[in-house]
Amino acid sequence: MRITRARGAAVTAAALTLTLTLAACSGGSDGGSSDGGGGGGGGGDVTAADIDAALDAEGTTTLQYWSWVPNLQPTVDLWNEAHPNIQVELTNAGQSADQYTKLQNAIKAGSGAPDLAQIEYFALPQFALGESLVSLDDVGLSDLESDFTASAWEQVAAGDGHYAFPQDTGPMVMFYRADILERLGVEAPTTWDEFLTVARAIKADNPENFIASIDPGDAGGVDSLIWQAEGRPFSVEGTDVNISFGDEGTQKFTELWDTLISEKLVDVAGGWNDAFWRSLDSGRYAMWMTGAWAPGSLETNVPSTAGSWKAATMPVWEAGTPANAENGGSGTAVLAKSENKAAALAFARWLSTDSEAVQAQVDAGLFPSTSSIMADTDFLGATSDFFGGQAVNEVFVQASKDVSSGWQYLPFQVYANSVFGDTAGQAFSNATPIADGLTAWQDQITTYGNGQGFKVTND
């Protein structure tokens, strides 16, 4: 998820090492497991029946849960009120890489880790391959696949298992200033060719304006655009990793964005700062292409533009052939060394499948991963004053359905993201070929992965 932008990754992620990933890991909670917990990434002796039984167990169990989501406490309160025998204590351990550093350190130390943690999809493989998380397949919960969107379920997979309950997703959406496009007499683009045409019209109208921006430090944003172009630069099978940015989809992305940057049709600038929000507020940027979690951020940061925005599915590369990507999203994982795995799994399952819990998280600003709410007519039909009365959830749900399969993150993606700005990002900033920048990124993360014990190729 991306309630706020996790810019700390570039600073703290470089400190993460992958001894977690390739070495046997010592515990996450103090001591052993009191409800069937064993070592490794399985569930020990925990079964689906044990998880159900935990809901009625005598005594009181207290679970530690790490998440950075603002306004999540009301959701936790719902659980605590309904389950006095299983109380959940919510801790904000820092966003994104800040939390992952603390989590990894606690796992290595053998004490101090929570029972559960919210982990973004890009970081999940690192912890799953390190056998630090409970596999849902090992505890009989793989039958919940139909409860979630296809892309969410795919993103909690690593190797042969699924290691978190999908909590939220971020299918990419094109948010645009309808007032600007109407004034220029252009339609919202449905293809990337049309996007280029609209971008040139915006620049011709005012050389100081841009159709959008691209952040040279945001690996996740670039990954999403490559994914949406059907690029698949990463593939992982156990400790065998292939990294190659020479595929056709990635080339389509680089060629278009080389043009957009060289013609100064997009602004190469950091996001999530005052200058970014001022540019959206003033109309200097006409669009923001990002995850479906973004409406709350727009309403908070550019309130004076209410009524001027619309949402649309992303431009496609071939008319009539929908293809989309995720940009953000996270799942709730149970630590393999938790002393209370059955109770923790019960809470995590409830958090992602109970209708009241899911709605509470939607109210907190998350875009759901749960199939039932995505099909709910009230959810689909809800209109937004900020978007001029548009039923934006209809757009977001279609964007989710259009997400193409087959994307994989690296088992050292947290590190890879941390060095993106100093490698690939330099090509964006200096208007040099993006392909060359991606090659520099590829070289650095290949060296890193091999140094951590992976077998990394570039085929």
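The structure presented is a predicted model; accordingly, all values stated were derived computationally and were not measured.
Relative orientation of the Trp153 and His162 rings is parallel, given thresholds of 30° and 60° on the angle between their planes. Classification of the Phe347-Tyr65 ring pair by plane angle, with boundaries at 30° and 60°, yields perpendicular. Between Trp288 and Trp272, the ring-plane angle classifies as perpendicular under the 30° and 60° cut-offs. Taking the six-membered ring where tryptophan is involved, the planes of Phe253 and Trp257 are tilted, since the angle between them lies from 30° to 60°.
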**Request:** Test ring-ring contact (aromatic ring centres under 6.0 Å, His included) on Tyr176 and Tyr285 and set out the steps.
**Result:** CA-CA 9 Å; Tyr176 67 95; Tyr285 298 162; over 10 Å; no

**Item:** Worked verdict on Asp281 versus Thr305 for side-chain hydrogen bond (donor to acceptor under 3.5 Å, both in side chains)
**Value:** CA-CA 6 Å; Asp281 184 75; Thr305 62; 5.1 Å; no

**Prompt:** So Met314 and Trp192, side chain to side chain contact (heavy atoms under 4.5 Å, CB included) or not? Walk me through it.
**Reply:** CA-CA 9 Å; Met314 289 286 288; Trp192 284 109; 3.9 Å; yes

**Request:** Would you check, one step at a time, whether the test side chain to side chain contact (heavy atoms under 4.5 Å, CB included) holds for Gln99 with Trp68?
**Result:** CA-CA 8 Å; Gln99 174 179 290; Trp68 59 88; 3.6 Å; yes

**Message:** Quick one, Thr313 with Val395, criterion side chain to side chain contact (heavy atoms under 4.5 Å, CB included). Give me CA distance, side-chain angles, the key distance, then yes/no.
**Reply:** CA-CA 6 Å; Thr313 53; Val395 175; 4.2 Å; yes

**Request:** Applying side chain to side chain contact (heavy atoms under 4.5 Å, CB included), run through Leu438 and Trp441 and close with a yes or a no.
**Result:** CA-CA 5 Å; Leu438 291 175; Trp441 190 32; 4.0 Å; yes

**Request:** Could you please spell out the steps behind the side-chain hydrogen bond (donor to acceptor under 3.5 Å, both in side chains) verdict for Asp50 and Thr47?
**Result:** CA-CA 5 Å; Asp50 293 330; Thr47 67; 3.2 Å; yes

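Using a 4.5 Å cut-off on side-chain heavy atoms (C-beta onward), Phe379 and Phe396 make no contact. Counting only heavy atoms from C-beta outward, the side chains of Val414 and Phe122 approach each other to under 4.5 Å. Residues Ile119 and Tyr100 form a side-chain contact, since some pair of their non-hydrogen atoms from C-beta on lies under 4.5 Å apart. The side-chain heavy atoms of Leu280 and Phe175, taken from C-beta on, include no pair separated by under 4.5 Å. At a threshold of 4.5 Å between non-hydrogen side-chain atoms, the residues Gln413 and Asp223 count as touching. Asn92 is not listed as a side-chain neighbour of Pro70, based on a closest heavy-atom distance of 4.5 Å or more. Taking 4.5 Å as the limit, every side-chain heavy atom of Gln442 sits out of range of all side-chain heavy atoms of Thr423. Side-chain contact between Val236 and Pro125 is absent, with no heavy-atom pair separated by less than 4.5 Å.
Put simply, OH on Tyr121 and OG on Ser369 are 5.0 Å apart, with the number rounded to the nearest 0.5 Å. Here Leu133 contributes atom CG and Gln126 contributes atom CD; the two are 10.5 Å apart, rounded to the nearest 0.5 Å. Note that CD1 of Ile243 is 4.0 Å distant from CD1 of Ile445, once rounded to the nearest 0.5 Å. Remark: Phe195 CZ to Met287 CE distance equals 6.0 Å, nearest 0.5 Å. Annotation: the span from Thr370 atom OG1 to Gln167 atom CD amounts to 9.5 Å, rounded to 0.5 Å. One finds the CH2 atom of Trp407 at 11.0 Å from the CD atom of Glu230 (value rounded to the nearest 0.5 Å).
Asp443 and Thr446 form no side-chain donor-acceptor contact under 3.5 Å, judged by distance and modelled atom types alone. A donor-acceptor pair shorter than 3.5 Å can be found between the side chains of Glu326 and Ser151. Side chain to side chain, Asp267 and Ser213 fail the donor-acceptor criterion of an N or O pair below 3.5 Å.
Between the side chain of Lys341 and the backbone N or O of Ala336 there is at least one donor-acceptor pair closer than 3.5 Å. The closest donor-acceptor contact from the side chain of Thr300 to the backbone of Ser297 lies at 3.5 Å or more, if one exists at all. At least one donor-acceptor pair closer than 3.5 Å links the side chain of Ser371 to the backbone N or O of Phe148. Here the side chain of Thr101 pairs a donor or acceptor atom with the backbone of Ala97 at under 3.5 angstrom. Between the side chain of Gln426 and the main chain of Gly421, a donor-acceptor pair closer than 3.5 Å is present. Formation of a donor-acceptor pair under 3.5 Å by the Asn327 side chain with backbone atoms of Gly170 is not found in this model. A donor-acceptor contact shorter than 3.5 Å is absent between the side chain of Glu89 and the backbone of Gln64. Put simply, the side chain of Gln359 never gets that close to the backbone of Ile373: no donor and acceptor are under 3.5 Å apart. No donor-acceptor distance shorter than 3.5 angstrom exists from the side chain of Thr91 to the backbone of Ala93, with no hydrogens or angles considered. Using modelled atom types, no side-chain atom of Asn458 and backbone atom of Ser244 make a donor-acceptor pair closer than 3.5 Å.
Under the 6.0 Å cut-off for aromatic ring centres, Phe234 and Phe245 qualify, their centroids lying closer than that.
Residues Leu136 and Ala164 come closest through the heavy atom pair CD1-O, 3.3 Å. Between Ala294 and Thr290, the shortest heavy-atom distance links the atoms CB-CG2, 3.5 Å. The two residues Asn85 and Leu55 come nearest to each other via the heavy atoms ND2-O, 3.2 Å. In terms of heavy atoms, Ser405 sits closest to Arg232 at O-NH2, 2.8 Å. In terms of heavy atoms, Ser224 sits closest to Ala325 at O-CB, 3.3 Å. Across all their heavy atoms, Leu78 and Ala360 have their closest contact at CD1-CB, 3.9 Å.
Counting heavy-atom neighbours within 6.0 Å of Glu356 CD, excluding the residue itself, gives a total of 12 or less. Within a 6.0 Å radius of CG in Asp143, more than 12 heavy atoms belonging to other residues, nucleotides or ligands are found. Heavy-atom contacts from other residues, nucleotides or ligands closer than 6.0 Å to NZ of Lys252 number more than 12.
Using a 4.0 Å cut-off between charged nitrogen and carboxylate oxygen, Asp147 and Arg349 do not count as a salt-bridge pair.
Here the rule is side-chain contact (heavy atoms from CB on, under 4.5 Å) with Gln361, and of Asp168, Val69, Leu351 only Leu351 fits it.
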